[in-house]
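Written below as structure tokens is the structure these notes are about.
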Amino acid sequence: MISAVEKYMSNKGVSITDVSKASGISMSTLSNAFSKPITTWSIRILNGLAATTFDDPAKVLSELQPRPFKYVVDEENQTIQGFHIEDTDIFWAVESAVHSSVMEGWQPTKADISDAYRVATEYQPEMESDFRRIFGEKDE
């Protein structure tokens with residue numbers, strides 16, 4: 001089975017030799033680190049890999065070790081992913097829309113829920129214009 005780091009390097013078109021040259025870390029140190037869980041790596045290893053692929057270290061880490069996702073809805077406190085929605089009707093409207101997208105594979109954050117709430121509660125003139133264009137109603 002190919003490791004996450006091997007898959008990452010393959011997708012980026014780099015080798016362990018490239019990482020060693022770009023970072024100044026010996027190939028034996030890299031090989032040893034890459035054979036262990038990412039949680040045991042030093043920041044130096046992560047930074048070396050990031051420098052070689054011209055990616056931000058946080059992006060590299062998120063690709064190598066994706067965050068576990070859990071969809072959390074607290075009906076009693078009316079929160080979705082920790083974002084509180086005061087109005088019960090809006091809470092259920094947002095939850096329904098988000099839930100459908102989660103079933104399709106979306107992994108929303110608290111900020112995403114905040115954006116969904118904003119879209120549901122603020123006037124969106126561009127959406128209204130698009131709706132009218134699509135369904136044949138003319139803008140006034």
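By convention here, the first residue in the shown sequence is residue 1. These numbers come from the heavy atoms of this one structure, side chains and all, not from hydrogens, waters or symmetry mates. Since we're looking at a predicted model, the values are computed, not measured.
Side-chain heavy-atom separations under 4.5 angstrom define the hydrophobic clusters, and the remaining members of the one that includes Val119 are Met127.
Here the shortest heavy-atom pairing between Ile85 and Ile90 reads CG2-CG2, 3.9 Å. Heavy atoms only, all atoms of each residue included: Pro108 and Gln81 are closest at O-NE2, 3.0 Å. Considering all non-hydrogen atoms of both residues, Asp18 and Gly13 come closest at OD2-O, 4.2 Å. Nearest approach of Ser3 to Glu6, heavy atoms of both residues: N-OE1, 2.9 Å. Between Ala120 and Val94, the closest heavy-atom pair is CB-CG2, 4.0 Å. Summarising the geometry of Lys12 relative to Asp55, their closest heavy-atom pair is NZ-OD2, 2.8 Å, with the distance given to 0.1 Å.
Judged purely by atom type and a 3.5 angstrom limit, Thr52 uses its side chain to pair as donor or acceptor with the backbone of Gly48. Ser96 places no side-chain N or O within 3.5 Å of a backbone atom of Ala93 that could act as its donor or acceptor partner.
Other residues, nucleotides and ligands place no more than 12 heavy atoms under 6.0 Å from the OH atom of Tyr117.
For Phe34, the ring pair (Phe, Tyr, Trp, His ring centres under 6.0 Å) criterion is met by Trp41, not counting sequence neighbours. Thr88 meets the side-chain hydrogen bond (donor to acceptor under 3.5 Å, both in side chains) test with Gln78; sequence neighbours excluded. Here Gln124 pairs with nothing under the side-chain hydrogen bond (donor to acceptor under 3.5 Å, both in side chains) rule; sequence neighbours left out. Applying the ring pair (Phe, Tyr, Trp, His ring centres under 6.0 Å) criterion to Tyr8, with sequence neighbours excluded, gives no partner residue. Scanning for ring pair (Phe, Tyr, Trp, His ring centres under 6.0 Å) contacts around Phe69 gives an empty result, with sequence neighbours left out. For Asp130, the salt bridge (charged side-chain N to carboxylate O under 4.0 Å, His left out) partners two or more places apart in sequence, or in a different chain, are Arg133. For the side-chain hydrogen bond (donor to acceptor under 3.5 Å, both in side chains) test, no residue two or more places apart in sequence or in another chain qualifies with Lys21. Applying the side-chain hydrogen bond (donor to acceptor under 3.5 Å, both in side chains) criterion to Ser31, with sequence neighbours excluded, gives no partner residue. By the side-chain contact (heavy atoms from CB on, under 4.5 Å) test, Ile25 is found to be paired with Ser23, Thr29, Leu30, Arg44, Ile45, residues two or more places apart in sequence or in another chain being considered. Asn77 meets the side-chain contact (heavy atoms from CB on, under 4.5 Å) test with Asp74, Thr79; sequence neighbours excluded.
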Could you go through Asp87 and Thr121, starting from their C-alpha distance and side-chain angles, then the distance that decides it, and tell me whether this counts as side-chain contact (heavy atoms from CB on, under 4.5 Å)? CA-CA 10 Å; Asp87 183 278; Thr121 58; over 6 Å; no
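Val73 is not listed as a side-chain neighbour of Val98, based on a closest heavy-atom distance of 4.5 Å or more. In this structure the side chain of Leu46 reaches within 4.5 angstrom of the side chain of Val60, judged on heavy atoms.
For the atom pair OG1 (Thr53) and NZ (Lys59), the distance works out to 7.5 Å, reported to the nearest 0.5 Å. In this structure, Thr39 OG1 and Leu61 CG are separated by 10.0 Å, a value rounded to the nearest 0.5 Å. Distance check, rounded to the nearest 0.5 Å: CD1 of Ile80 to OG of Ser114 gives 11.0 Å.
Residues in residues 98-111 take part in these side-chain hydrogen bond (donor to acceptor under 3.5 Å, both in side chains) pairs, two or more places apart or across chains: Glu95-His99, Thr109-Asp112.
Linking ILVMFWY residues whenever their side-chain heavy atoms come closer than 4.5 Å, directly or via other members, places Leu64 and Ile43 in the same cluster. If you chain together hydrophobic residues whose side chains sit under 4.5 Å apart, Val72 and Val102 never meet in one group.
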